[in-house]
**Q** 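Supplied in structure tokens, the structure appears directly below.
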Amino acid sequence: MPDLNFQVYEAEAEPYAASPLLVFKLGIANVDPEELIHTVALRCQIQIETTRRRYTAEEQKQLRDLFGEPERWDQTLRTMLWTHTSAMVQSFTGSTIVNLPIPCTFDFNIAATKYFAGLETGEIPLTLQFSGTIFYADSDGVLQVAQISWSKEARYRMAVKIWHDMMEMYYPNSVWLRLRRDVFDRLYEYKMQRAIPTWEQTMDRILSELPAKESEGK
């Protein structure tokens, strides 16, 4: 029966996708190098191990919305589920390398986006947990089916720069902001009444009308 082990070699941004997409180069090795693996329907859950890195003072400030004040991080900093993904692995014997796609969002209502955006440098500790179905040939060449154990996982430290560079590639010098409909209607009315040509100028006008300390977040 196959016994597959997994290792992430590198991560890179896919430049030609319709939306932000990371690709992990995933190595898969079977303990029996002679066994023929026909196909693997691979599933993967990715966790962000937030406690396995240090944070600068500026990063702590940026992540207050997610974890609260740094004095409470020993209680609030916890492993977060990032995403689920999957891949179909083609026939191989011994070992192979496949692309594991990781669709990403720039929606700041998503905790993972807040977390990545709040980091400046360093690495993001990730744990990839695998499951799925293996179709393989036994010693008589008969097709067999086996499940990947939930204990199979791999750790990888992805450079923060990869995520930031990807978002800059897909959304140059911009971010997305989702609003409730009633808030957007009020904002739109404000913009129309003052004949402000762009949304950036509208937000600049609103922020400039705030008291200095409030606009600085103090």
Side-chain angles (χ1 to χ4, degrees), residues 8 10-26 44-85 99-129 154-181 183-184 187 198-208 210 213-218:
V8 179
E10 64 177 352
E12 61 184 20
E14 168 55 56
Y16 304 113
S19 59
L21 182 72
L22 289 172
V23 177
F24 285 6
K25 299 294 183 183
L26 180 67
C44 179
Q45 175 178 280
I46 305 178
Q47 305 270 358
I48 304 171
E49 303 281 357
T50 60
T51 59
R52 292 179 51 230
R53 61 157 287 160
R54 296 182 181 276
Y55 299 89
T56 66
E58 184 60 28
E59 288 174 338
Q60 290 178 345
K61 179 181 177 182
Q62 294 294 328
L63 295 172
R64 283 183 304 183
D65 184 38
L66 202 56
F67 301 121
E69 295 300 326
E71 293 77 13
R72 298 185 59 248
W73 281 22
D74 59 336
Q75 302 174 35
T76 60
L77 205 62
R78 294 288 183 270
T79 296
M80 293 194 307
L81 171 64
W82 177 10
T83 188
H84 293 85
T85 187
N99 289 335
L100 186 66
I102 317 291
C104 298
T105 176
F106 210 19
D107 184 349
F108 275 81
N109 287 301
I110 305 298
T113 301
K114 292 181 182 178
Y115 181 76
F116 295 146
L119 301 179
E120 296 180 317
T121 60
E123 298 173 332
I124 303 167
L126 303 173
T127 297
L128 293 80
Q129 299 172 325
R155 284 184 168 178
Y156 179 66
R157 299 183 73 88
M158 184 180 75
V160 171
K161 186 176 186 301
I162 294 175
W163 188 90
H164 282 285
D165 287 351
M166 175 185 66
M167 288 307 177
E168 183 62 24
M169 179 168 57
Y170 280 86
Y171 307 114
N173 194 31
S174 59
V175 297
W176 290 100
L177 181 62
R178 186 170 69 89
L179 301 175
R180 281 202 330 261
R181 170 60 68 180
V183 175
F184 174 80
L187 187 63
T198 69
W199 289 110
E200 286 81 3
Q201 291 171 309
T202 302
M203 299 304 293
D204 280 341
R205 175 78 69 85
I206 293 172
L207 292 173
S208 68
L210 294 174
K213 288 187 177 180
E214 188 174 348
S215 64
E216 293 171 5
K218 296 180 180 179

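Just so we're clear, the structure is a prediction, and the values are computed from it rather than from any experiment.
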**Q** What distance separates L77 CG from R72 CZ, expressed to the nearest 0.5 Å?
**A**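 Going from CG on L77 over to CZ on R72, the span is 11.5 Å.
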**Q** How would you list, by chain and number, every residue that makes a side-chain hydrogen bond (donor to acceptor under 3.5 Å, both in side chains) with E123, sequence neighbours excluded?
**A**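 Residues passing side-chain hydrogen bond (donor to acceptor under 3.5 Å, both in side chains) with E123: R157.
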**Q** Could you check whether R53 makes a cation-pi contact with Y55, meaning its NZ or CZ is under 6.0 Å from the centre of the six-membered ring and within 45° of the ring axis?
**A**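 Verdict for Y55: a cation-pi partner in R53.
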**Q** Do T85 side-chain atoms and P101 backbone N/O form a donor-acceptor pair below 3.5 Å?
**A**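 Such a contact is found between T85 side chain and P101 backbone.
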**Q** Looking at residues at least two apart in the chain, or sitting in another chain, which of them share a side-chain hydrogen bond (donor to acceptor under 3.5 Å, both in side chains) with E168?
**A**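 Checked E168 against side-chain hydrogen bond (donor to acceptor under 3.5 Å, both in side chains); zero matches.
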**Q** Are W176 and Y170 near enough that their ring centres are under 6.0 Å apart?
**A**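 Ring-ring flag for W176/Y170: false, centres at least 6.0 Å apart.
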**Q** Output all residues satisfying side-chain contact (heavy atoms from CB on, under 4.5 Å) with L81, sequence neighbours left out; order by chain, then residue number.
**A**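 L81: side-chain contact (heavy atoms from CB on, under 4.5 Å) contacts with Q45, Q47, H84.
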**Q** List the atom of L126, the atom of E49, and the distance in Å for their closest heavy-atom pair.
**A**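 Looking at all heavy atoms of both residues, the shortest contact is C-CG, 4.5 Å.
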**Q** Between Y156 and E10, which heavy-atom pair has the shortest distance, and what is it?
**A**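 Closest approach of Y156 to E10: OH-CA, 3.4 Å.
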**Q** Taking T105's backbone N and O only, do any of them form a donor-acceptor pair with T113's side chain (distance below 3.5 Å, no angle check)?
**A**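 Confirmed, T113 side chain pairs with T105 backbone.
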**Q** So Y171 and F106, would you call those rings parallel, tilted or perpendicular, with 30° and 60° as cut-offs?
**A**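 Answer is parallel, since the angle falls under 30°.
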**Q** Quick one: pull up CD1 in I124 and CE in M158 and give me the separation to the nearest 0.5 Å.
**A**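 One finds 4.0 Å between CD1 of I124 and CE of M158.
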**Q** Any donor and acceptor pair, going by atom type alone, linking the side chain of H164 with main-chain N or O of T121 inside 3.5 Å?
**A**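 Not at all, since once roles are kept as given, no pair shorter than 3.5 Å links the two residues.
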**Q** Say whether, by atom type as modelled, one donor and one acceptor occur between the side chain of E59 and the main chain of E120 under 3.5 angstrom.
**A**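 Indeed, once roles are kept as given, a pair shorter than 3.5 Å links the two residues.
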**Q** Can the ring centres of F184 and W199 be said to be less than 6.0 Å apart?
**A**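 Ring centres of W199 and F184 closer than 6.0 Å.
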**Q** Restricting to non-hydrogen atoms, name the atom on G68 and the atom on W73 that form the minimum distance, rounded to 0.1 Å.
**A**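 In this case the closest contact between G68 and W73 is O-NE1, 2.9 Å.
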